[in-house]
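Ligands are counted one by one from 1 in listed order, and the atoms in each one are counted from 1 as well.
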Amino acid sequence: MGTLAHVEFWLEDGATKATADELILAVEQEMQRIDQTMSPYIATSALSVINRDAATRPVIVSQELFDLLTDAHHIAVLTHGMFDITYASIGYQYDYRKHQKPNQAAIKKALTAINYQTVILDKSSLSVKFTDADVKIDLGGIAKGHAVKNCIAILKKAGIEHALISAGGDTTLLGDRIGRPWFVGIKHPRAEEKTAVQLPLSNESISTSGDYERYFIEDGVRYHHIINPKTGDSARNVVSVSIIGKNPTYVDALSTAIFVMGLQQGMALINDLPDYEAIIIDNQQTLHVSTGLQQD
Ligand code: ADP
Ligand code: MG
């Protein structure tokens, strides 16, 4: 998934190091399994098979992938297409390491293939089909949240009650940190080693999307990995969005979506959703929080 993962947990007194090692291995293997399934860079991944074949035949997928695609669809509807896995037609034309971006003609052509409604999910056959020949999908905005969710489930099943798992900007906290909350930092968007805020959290998930993770600057303009599906260009209204909630998959996708929506629209949406809170740093580096986080 192109990022670092981190796991911490407490075992009951009397548990052995072997138990801890086994659990760490199980978490590692789960992350790798998801990468193998959902990576666009692995030709044999289920995602690559969908991208290759779904325009010509319905592709049968696992229940897990079907459910994730269903979540992605729900979030696309909720965010009026600002989260859209079909952004990939344009997304695949950016290479941040090589400082490559599509030109206007390429963007114009790719935009016609960006529309989540062209991805048809059939529940009875667990299949995926594209109604447009040029559609491609990418799960980079939701897969890490899903991975963290599954890994927490593994620990929970093993009887763990206090844990933290993160993958890149996605963190889930199981329980508290033995009588105290966990503290999760939100990176300072313009000073790599600094933290903008520290949040005390227990039994929550938090996902941060920032324009400083993958980017390059050309002629003073920052080209980064969060794309507005309506324009094909990087979203530049805000620089960092963190979403807090119970569902790791949803907070992951929502942080990407709210980033694209920007401060006014994005905050309005979060304030309408009772189960989610937001911390947004705008492009003047001012911090804004949703109503549920404001103290009166
Ligand atoms: P990170 O990957 O750094 O944790 P995000 O959670 O914000 O950051 O996800 C950004 C990723 O989401 C991009 O790398 C890309 O794979 C994908 N993405 C970018 N723009 C969109 C979009 N508008 N809708 C859905 N996915 C997107
Ligand atoms: Mg995200």
Best match, V241, I227, I137, I258: closest heavy atom to atom 22 (C) of ligand 1: I227
Option whose closest heavy atom lies nearest to atom 1 (P) of ligand 1, chosen from H224, M261, H225: H225
Under a 4.0 angstrom heavy-atom cut-off, which atoms of ligand 1 come close to [X]?
X: D252; answer: 6 (O)
X: K144; answer: 1 (P), 2 (O), 4 (O)
X: I226; answer: 7 (O), 19 (C), 20 (N)
X: P229; answer: 23 (N)
X: S209; answer: 5 (P), 6 (O), 7 (O)
X: E213; answer: 3 (O)
X: M82; answer: 22 (C), 23 (N), 24 (N)

Quick check: are there more than 12 heavy atoms from other residues, nucleotides or ligands sitting under 6.0 Å from [atom1] of [X]?
X: R57; atom1: CZ; result: yes
X: K129; atom1: NZ; result: no
X: R177; atom1: CZ; result: no

For ligand 1, which is the ligand I care about here, please tell me if [X] has any N or O atom under 3.5 Å from one of the ligand's N or O atoms.
X: S207; value: no
X: D84; value: yes
X: T256; value: yes
X: G141; value: yes

Spatial distance of atom NZ (K230) from atom CD1 (I114) [nearest 0.5 Å]: 9.0 Å
Ligand 1 contact on D138 by region, counting heavy-atom pairs under 4.0 Å: side chain
Per-residue contact class, F83 against ligand 1 - non-hydrogen pairs under 4.0 Å: both
Side-chain donor-acceptor pair present, T249, D71, cut-off under 3.5 Å: no
Note: D176-R180 ion pair, threshold 4.0 Å (strictly below): no
For residues 25-33, dump all side-chain donor-acceptor pairs below 3.5 Å to protein atoms at least two apart in sequence or in another chain.
| from | atom 1 | to | atom 2 | distance (Å) |
| --- | --- | --- | --- | --- |
| E30 | OE1 | R33 | NE | 3.0 |
| E30 | OE2 | R33 | NH2 | 2.8 |
| E30 | OE2 | N150 | ND2 | 2.8 |
| R33 | NH1 | E64 | OE1 | 2.9 |
| R33 | NH2 | E64 | OE1 | 3.3 |
| R33 | NH2 | E64 | OE2 | 2.9 |

Contacts of D282 that satisfy salt bridge (Lys or Arg N to Asp or Glu O under 4.0 Å) - sequence neighbours left out: none
R214 NZ/CZ over Y96 ring centroid, <6.0 Å and within 45° of normal: no
Six-ring centre of Y223, K101 cation under 6.0 angstrom, axis tolerance 45°: yes
